Every structure is written in C-alpha cells, then in structure tokens.
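In what follows, chains carry the letters A, B, and so on, assigned in the order in which the sequence lines appear, proteins first and then strands, with residues in each chain numbered from 1. Note that these values count all heavy atoms, side chains included, but never hydrogens, waters or copies made by symmetry. Given the structure is predicted, the values throughout are model-derived calculations rather than measurements.
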2 protein chains.
Amino acid sequence: MRFSSQREAILSYIRGVQSHPTAQDIHESVKKIFPSLSLGTVYRNLNQLLEHQLITAIKQDEIVHYDGNISDHQHFRCKNCDSIIDLEFPVKDIILEHVPRFGHEIQAYELYMTGICKNCKNETK
Amino acid sequence: MRFSSQREAILSYIRGVQSHPTAQDIHESVKKIFPSLSLGTVYRNLNQLLEHQLITAIKQDEIVHYDGNISDHQHFRCKNCDSIIDLEFPVKDIILEHVPRFGHEIQAYELYMTGICKNCKNETK
DNA sequence: TGATAAGTAGGAATAATTACTGTTTATGAG
DNA sequence: CTCATAAACAGTAATTATTCCTACTTATCA
Ligand SMILES: [Mn+2]
Ligand SMILES: [Mn+2]
Ligand SMILES: [Zn+2]
Ligand SMILES: [Zn+2]
C-alpha cells in the first residue's frame, strides 16, 4: 500500500475522532482539506485500510461505521441519540473458554449492544 | 397484525429451516407455494414479524439474514462455506455482570463470530 | 530521471431495501 | 350473514449505500 495525501488525511481523521463516523461523515470532513476528494476515493481507502487492519468497521446498522481504535473493545448504540459508545468487556475470555468445544476456528468476533445510554436516561427523568 | 396466508407461509418457512435465509431465499422458496408472491410482500412481512418479535435479524453481512429461532443464542459465520451456525454462549451472564457499572440500559445484544467451521477445517486437512 | 503500478476524480452501475398505486381480502360491527 | 374498512397484496418505481469504470495524476524505485 502506497502513500497518498488523501489516504493519510482519511486515516488521521478516523484516528482523531471518537464518533465512529460513516463514509459520508469522513467525506464531508476531509473534503474541507481536500475539496476535490471524491466519495469513491473515501470508500476505496476505507476498504484498503480495513484490509491492512489499520481500522475496523461496525456493520450492524444500515450504514457502516468506521473505527480507528483497533484495540479489542465492544460497542453500544443508543436508540435515542444514535451515538455509538465504546465499552470494554471481557468477551475474549469467555470465547476462549467456551468456543473450543464447538470445534470451529474463531478468527474474529463482535459484541454489539443497543439500548438507552446513560445521558439519555438521565435527561428523560 | 392480521392473518394472511402469505404471512403465515413466510413465518412457517423461516421457522422450519436452520439456515438463516435472506429475503431472496425466502421469496424463492415461498414462491413455490404462492407463485404470485412479490419480493416487496416478503420484506413488508419480515419487518412486521420483526416488530412483533416473532423472528430476529442478523445484520452483520452485506445481506440481512433472518432467524425464526428467537431463543437467546449467538451466531458464527464460516468464511469458507458462508454458512451461519448457531452457538450457545453465556453472553447474557457477563453482560448482566459487567454492564451496570457503565450506566447504560442494555435492551438487546448480539455476539457475532467469524472464522472457519468445523467441517471446512476437516476437509482441508 | 523515467517507467509504471497504484491512486484519484467524477460519473455510471449495482443491488438491497423501501415507497407508491391500484386492487384484493381479512375482520368485526351491525 | 353482510358489508364497510383498514390492512395486505402484486407489481413497479424510487432510494441509497456501495462498487465499478475510465481517463488522468502521482508516488515509488530501479
Ligand atoms: Mn470503538
Ligand atoms: Mn440462529
Ligand atoms: Zn443516548
Ligand atoms: Zn465452513
């Protein structure tokens, strides 16, 4: 994979936010630096970065969200405010403990939760 | 929600298979009984059945898969043969144990795993 | 310093899902 | 049972996230 300023800008944008942006979000933001940036370029780069495991994708919603934090963590989406929040969970432990007996080789896993976030719960009170 | 023979046929098809079919799969199969069944009707019914929690959806792949088994269980997809396999995991336990400290209200969760299934692993040997 | 393979912009194509329209049908009040 | 009506249906058009295509540009390295 070779360097391009667009790719660099896309990656550093994703790494710099906590918000798990969509391709559209990324396009709109990086366009401020590269006004000619096309959405196709955003998608192509996102797929490249995924292949090289520099980012991850969250595919549970209609639209894919991207994540520059590749450490092992889980996600929670609030049905009220639609924000995706990082959670650290000992999922790996129970997978390593329970999976061997099924006989499948687990290469990746994702725990995704939905509900009402702390903030929204307090606001409605 | 009111009775219709199409809806009944769609639901009983989903309940009768282990394969986690897509809307296309369901359409093709139920069309054998209702040759005039339209894909739009399949989607409309799937959404109705989801709302009434008579089925669940698996949204991690590009295409949504549907599941007539609404008991608490997890899914594993084989990257080789693409089959989706049911796994029973004590996910609920660790969620109930660890989530309260984050302060969010979890209403649903999904653990999705990918890798190579038992069968495919043995075949390549 | 080129040759060239990889990357880009911009627009067209794809494909899953939803929306729309006119017709049919399940349902329950009378 | 009958019939008004809201829900469901078939068929088709629209939507939309994502991928593909083409001609042009650029990073890389021999
Ligand atoms: Mn994250
Ligand atoms: Mn299942
Ligand atoms: Zn919220
Ligand atoms: Zn397999």
Trainee: Less than 3.5 Å between a donor and an acceptor, one on the side chain of Arg2(A) and one on the base of dA5(C), is that the case here?
Mentor: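 Donor-acceptor pair under 3.5 Å: yes.
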Trainee: Can you tell me how far P of dT18(D) sits from CG of Leu39(A), to the nearest Å?
Mentor: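 Checked: the CG to P distance equals 9 Å.
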Trainee: Nearest heavy atom decides the nucleotide; on that basis, is Glu62(B) or Ser5(B) closer to the 5' end of DNA chain C?
Mentor: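 Mapping each residue to its closest nucleotide by heavy atoms, the 5'-most match is Glu62(B).
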Trainee: Heavy-atom count check: over 12 atoms from other residues, nucleotides or ligands less than 6.0 Å from Glu97(A) CD?
Mentor: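 Yes, CD of Glu97(A) has more than 12 neighbouring heavy atoms, counting only those of other groups under 6.0 Å.
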Trainee: Which whole-number value in Å describes the distance from Lys31(B) NZ to dG11(D) C1'?
Mentor: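 Atom NZ in Lys31(B) sits about 10 Å away from atom C1' in dG11(D).
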Trainee: Students often get this wrong, so: under 4.0 angstrom with heavy atoms, is Phe3(A) touching a base, only sugar-phosphate, or nothing?
Mentor: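 Sugar-phosphate, no base atom in range.
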Trainee: Using OP1 and OP2 only, check whether a side-chain N or O of Tyr43(B) sits under 4.0 Å from dT17(C).
Mentor: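 For dT17(C), OP1/OP2 do have a side-chain N/O of Tyr43(B) under 4.0 Å.
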Trainee: Rounding to an integer number of Å, can you tell me how far Asp25(B) CG sits from dA15(C) P?
Mentor: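 Atom CG in Asp25(B) sits about 16 Å away from atom P in dA15(C).
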Trainee: At less than 4.0 Å, is any side-chain N or O atom of Ser36(A) found next to OP1 or OP2 of dG10(C)? Yes or no.
Mentor: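 The answer is no; no side-chain N or O of Ser36(A) sits under 4.0 Å from OP1 or OP2.
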Trainee: Respond yes when some side-chain nitrogen or oxygen of Arg44(A) is under 4.0 Å from OP1 or OP2 of dT8(C), and no when none is.
Mentor: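 Yes, because at least one side-chain N or O of Arg44(A) sits under 4.0 Å from OP1 or OP2 of dT8(C).
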Trainee: Just to be sure I understand: a Watson-Crick pair is purine N1 to pyrimidine N3 plus N6-O4 or O6-N4, both under 3.5 Å. Using that and G-U wobbles, which stems of three or more pairs involve DNA chain C?
Mentor: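 Stem list for DNA chain C: C:1-30 with D:1-30.
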Trainee: Less than 4.0 Å between a side-chain N and a carboxylate O, is that true for Asp61(B) and Arg77(B)?
Mentor: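 Salt bridge between Arg77(B) and Asp61(B), a charged N being under 4.0 Å from a carboxylate O: yes.
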Trainee: Using atom CD of Glu51(B) as one end and atom P of dT18(C) as the other, report the distance to the nearest whole Å.
Mentor: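 Glu51(B) atom CD is separated from dT18(C) atom P by 11 Å.
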Trainee: Regarding Gln6(B), tell me which of base, sugar-phosphate or nothing describes its non-hydrogen contacts under 4.0 Å with the strands shown.
Mentor: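 Gln6(B): backbone/sugar contact only, no base atoms under 4.0 Å.
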Trainee: Distance alone, cut at 3.5 Å: any donor-acceptor contact between the side chains of Arg15(B) and Ser12(B)?
Mentor: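 Arg15(B) vs Ser12(B): no donor-acceptor pair found between side chains.
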Trainee: How many Å lie between CD1 on Ile63(B) and P on dA17(D), as a whole number?
Mentor: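 Rounding to the nearest Å, CD1 of Ile63(B) and P of dA17(D) are 18 Å apart.
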Trainee: So, is Ser38(A) near the phosphate of dG10(C), with a side-chain N or O under 4.0 Å from OP1 or OP2?
Mentor: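 No, because none of the side-chain N or O atoms of Ser38(A) sits under 4.0 Å from OP1 or OP2 of dG10(C).
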Trainee: Quick one: His27(B) NE2 to dA16(C) C1', roughly how many Å, whole number?
Mentor: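 To the nearest whole Å, that distance equals 14 Å.
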Trainee: Please determine which of Ile14(B), Leu49(B), Ile70(B) meets the side chain to side chain contact (heavy atoms under 4.5 Å, CB included) test together with Thr56(B).
Mentor: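 Among the candidates, only Ile70(B) passes.
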Trainee: So Arg7(B), base contact, sugar-phosphate only, or nothing? Heavy-atom distance under 4.0 Å.
Mentor: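 Answer is sugar-phosphate: Arg7(B) comes under 4.0 Å of backbone atoms only.
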Trainee: Think Ser4(A) has a side-chain N or O under 4.0 angstrom from the OP1 or OP2 of dT8(C)?
Mentor: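 The answer is yes; a side-chain N or O of Ser4(A) sits under 4.0 Å from OP1 or OP2.
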Trainee: Would you say the ring centers of Tyr112(B) and His75(B) fall short of 6.0 Å from each other?
Mentor: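 No - the distance between ring centres of Tyr112(B) and His75(B) does not fall below the 6.0 Å cut-off.
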Trainee: Using a distance-only test with no angle check, is there a side-chain donor-acceptor pair under 3.5 angstrom linking Asn69(B) and His20(B)?
Mentor: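 No, no side-chain donor-acceptor contact under 3.5 Å.
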Trainee: Are Tyr109(B) and Asp72(B) linked by a side-chain donor-acceptor pair shorter than 3.5 Å?
Mentor: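 On atom types as modelled, these side chains qualify, holding a pair under 3.5 Å.
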Trainee: What is the separation between atom CG on Asn45(A) and atom C1' on dA6(C), rounded to the nearest whole Å?
Mentor: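 For the pair Asn45(A) CG and dA6(C) C1', the rounded distance is 11 Å.
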Trainee: Tell me which of Met1(B) and Pro35(B) sits closer to the 5' end of DNA chain D, going by the nucleotide each one is nearest to.
Mentor: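 The residue mapped nearer the 5' terminus is Met1(B).
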Trainee: How far does CD1 of Ile26(B) sit from OH of Tyr66(B), to the nearest 0.5 angstrom?
Mentor: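 Separation between the atoms: 7.0 Å.
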Trainee: Grab the CG-C1' distance between Leu46(A) and dC20(D) for me, whole Å please.
Mentor: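 In whole Å, dC20(D) C1' and Leu46(A) CG are 16 Å from each other.
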Trainee: Just N and O in the side chain of Asn47(A): are any of them under 4.0 Å from OP1 or OP2 of dT18(D)?
Mentor: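 Indeed not, no polar side-chain atom of Asn47(A) lies that close.
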